[in-house]
Engineer: 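Pasting a structure here, questions to come.
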Protein chains: 2
Amino acid sequence: MFSGLLDEREKRILCIVIQNYIQTARPIGSENICKNYNLKISSATLRNILANLEKNGYLMHPYTSAGRIPTDKGYRFYVDDLEENKQLSVQEEMLLAAGYKINKYELKEMLMQISQLLSLVSHYTGFVFSVSPEKVIFKHLKLIHLSNKKILAVFITQGGLIEHRLIHLQLPISVKNLKKMCKILNDELIGFTIREVRQEIFNKIKEQGIGYREFLELAEKLGEQIFKIKEELYLEGIPNILSFSEDDKKVESIFRLLEEREMLSYLLKNEFNEKEKVKVFIGNENLYPEMDNWSIVSAAYKTGDCSVGLLGIIGPKRMEYSRIIAEVDYISRMANKLLEQVEEE
Amino acid sequence: MFSGLLDEREKRILCIVIQNYIQTARPIGSENICKNYNLKISSATLRNILANLEKNGYLMHPYTSAGRIPTDKGYRFYVDDLEENKQLSVQEEMLLAAGYKINKYELKEMLMQISQLLSLVSHYTGFVFSVSPEKVIFKHLKLIHLSNKKILAVFITQGGLIEHRLIHLQLPISVKNLKKMCKILNDELIGFTIREVRQEIFNKIKEQGIGYREFLELAEKLGEQIFKIKEELYLEGIPNILSFSEDDKKVESIFRLLEEREMLSYLLKNEFNEKEKVKVFIGNENLYPEMDNWSIVSAAYKTGDCSVGLLGIIGPKRMEYSRIIAEVDYISRMANKLLEQVEEE
DNA sequence: TATTAGCACTCGTACTACTAGAGTGCTAAC
DNA sequence: GTTAGCACTCTAGTAGTACGAGTGCTAATA
């Protein structure tokens, strides 16, 4: 028996060890496996196999006479092996479809609700990480004249995001001029990303040569105040994750990590390109030492303008991957469908 | 020495015990107090005093030969005693004033930033609990015609809250009719609370006798979709609270409690009337058993229309009350000032 | 060559026993 | 009212021990 690939029996046993550990959070030993699973081999043979799996890095044991627990490589194998049959049961799917009404009227609220849904069904912590401003495309701007010095600006992106802001001007502007300005901006800026809009808006107005000072002021303030969307993170079900603190008290560092958003931003930018498949990041695969005992199951979602965000769940490394992957997969597909609808309408 | 009120020396010693416990999280005994604080009495006298304080319910000791720790009543005394000189140092005040730029352009974002600020300076978990819809007063509605069947509705409350929503109609509506509808609603609904608006909007349109079916549809959808604001809770600095889990793992239950919002809603409705003073809720004073080891320091804030919300921090019962009270006080006054500005402008 | 039984060995957990020390409460003297 | 002295109590920490789960190795077996 040389190292390298695993034969069927080894796979089977590896999966048993992992599933057992996921369920019980305890190491399991050869004797116990023999007793509980009807493998037609003795515990001695099993020990040989386990030793081999350990030699190849799939398992480890915390001390000499403890049973085996999976390594990250072990989990990785398990998850990859699983990935094919990640299907929700019909009941679950119906439950998900029927049991939750997502609000389609406001993108932000919708994202929040999706993250709630993720937490609800997974029993871990759900997150939705919104799209980065480089990818969001401007569609339409409305400037509403509340008074000569008070303008309500509302813009809509191609993905259906709506942002509003109250703008206070130093120099008064007339209704007529406001309309003019609005038309110019809509004509000039359509199709730009929000970041570009922010950079260009002042110049566009200047170029037009209609250099009323109030135009320039408004353009400047619009750029500063409204075209300034940022990545947002919706986290729901935080208490769920707390119940898994188990051995170490590193939960705190996880939340610090999440609050910084850097990690999710990194994943979004580097790990998800076009495909919208569910991806699993196990323990140290996340590159952050704080994530040592945790895994992320996530998928990208697309808004109407093809910008991408990230959604998924964070849970302990020993999570029920098969269930969770199926759930995240389902919800991400649901999210994409919902977002398409927002766009169409 | 009969029970009842505390004399100066007793007060002094009570405060020493509490401060010590706040700093070290350990019981302290008579001998130690004598050694470290220059009281001109022996440890035996001290023991008599401590026993007396315990008899009166200000202190307790977890077991026979442990030192004393404060009870809720003890903390309460300490905090009430403190309340007078809750002043921020000049440096701190300047730091707070200079170090943080609150965004004044969007109420929701502002509230979120305030809660971040609370967490940042207190090192505990900051919260801002927004106003209940019964108290928010309608000011202005804009209906923006995007297409015949697609309306962007934006409304502004007297407190400066802006809400928008995209409305999809079954029956097309013309620009002219939309304007008409908008005018009617603005005339009829000004001064109502949002809850009332929601109840009345359909009737108001009906009463006008201009019963085009598209008017009724729009009125109905407006009521359903946009005049539907709810209490919101901004929580920041969750990791901070996790580092205080100490003895028991009840942090989880705290967060479940917070997610439910009921407690804060209760406080807001029952404990804060007109005055905008900082209030401290210690341990079981909160009525929720989960709060046993935690305290809330909070203050009400007012938006322009005199509706009220709650802000503050949640931290371990043994927190640095004097510092925290001063900070919450300062930030709540700052918030009120900011909100006044929003209104004025 | 793969499988198995047998067995010595390892190490962590759980339990017990013991000690040191911190702190109390009481008493009697000042 | 204050203080010194002292017996008493209880915890935290340490050490010792027994148990048992599990391993890894060896030699026999199919």
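Residue numbers begin at 1 in each chain, while the letters A, B, ... track the order of the sequences.
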Engineer: To the nearest Å, give me how far apart CG (B:Asn52) and C1' (C:dT24) are.
Structural biologist: 15 Å
Engineer: Closer than 4.0 Å, any side-chain N/O of B:Thr45 to the OP1 or OP2 of D:dT3?
Structural biologist: yes
Engineer: Check the distance between D:dT23's C1' and A:Glu31's CD and give it to me in whole angstrom.
Structural biologist: 11 Å
Engineer: Going 5' to 3' along nucleotides 5-13 of chain C, which nucleotides have protein heavy atoms under 4.0 Å from the base (write B), which only from the sugar-phosphate (write S), and which from neither (write -)?
Structural biologist: BB---BBS-
Engineer: Can you tell me the distance, in whole Å, between the CE atom of B:Met60 and the C1' atom of C:dG23?
Structural biologist: 15 Å
Engineer: Taking C-beta and beyond as the side chain, do A:Phe127 and A:Ser298 meet within less than 4.5 Å on heavy atoms?
Structural biologist: yes
Engineer: How close or far is atom C1' of D:dC25 from atom CG of A:Leu46, stated in whole angstroms?
Structural biologist: 16 Å
Engineer: Find the distance between CD1 (A:Ile16) and CG (A:Asn36) and round it off to the nearest 0.5 Å.
Structural biologist: 9.5 Å
Engineer: Report the distance from atom CG of B:Leu59 to atom C1' of C:dT24, rounded to the nearest whole Å.
Structural biologist: 14 Å
Engineer: Does anything in residues 62-78 of chain B pair up under salt bridge (Lys or Arg N to Asp or Glu O under 4.0 Å), and if so which pairs, sequence neighbours excluded?
Structural biologist: B:Glu54-B:Arg68, B:Asp72-B:Lys317, B:Arg76-B:Asp80, B:Arg76-B:Glu285
Engineer: Given A:Leu59, which of A:Ile49, A:Leu53, A:Ile13 fulfils the side chain to side chain contact (heavy atoms under 4.5 Å, CB included) condition?
Structural biologist: A:Leu53
Engineer: Strictly by salt bridge (Lys or Arg N to Asp or Glu O under 4.0 Å), give each pair with a member in residues 38-47 of chain B just once, sequence neighbours left out.
Structural biologist: none
Engineer: Going by number, which of residues 66-73 of chain A have a non-hydrogen atom under 4.0 Å from DNA chain D?
Structural biologist: A:Ala66, A:Gly67, A:Arg68
Engineer: Using only side-chain N and O atoms of B:Asn48, determine if any of them is under 4.0 Å from OP1 or OP2 of C:dG25.
Structural biologist: no
Engineer: In whole angstroms, how far is the C1' atom of C:dA2 from the CG atom of A:Asp7?
Structural biologist: 12 Å
Engineer: Need to verify one output field. Residue with the more 5' nearest nucleotide on DNA chain D, A:His61 or B:Ile41?
Structural biologist: B:Ile41
Engineer: Between B:Glu252 and B:Arg256 (salt bridge meaning N to carboxylate O under 4.0 Å), is one present in this structure?
Structural biologist: yes
Engineer: Quick one: list whatever passes ring pair (Phe, Tyr, Trp, His ring centres under 6.0 Å) with B:Tyr78, sequence neighbours left out.
Structural biologist: none
Engineer: Ring pair (Phe, Tyr, Trp, His ring centres under 6.0 Å) with A:Tyr124: which residues, sequence neighbours excluded?
Structural biologist: A:Phe244
Engineer: Would you say A:Asn32 places a side-chain N or O within less than 4.0 Å of OP1 or OP2 belonging to D:dG22?
Structural biologist: yes
Engineer: For B:Glu8 and D:dG1, give me the distance from atom CD to atom P, rounded to whole Å.
Structural biologist: 18 Å
Engineer: Is the closest side-chain heavy-atom distance between A:Asp7 and A:Glu10 below 4.5 Å?
Structural biologist: yes
Engineer: Whole angstrom is fine here: how far is it from NZ in A:Lys55 over to C1' in D:dG24?
Structural biologist: 14 Å
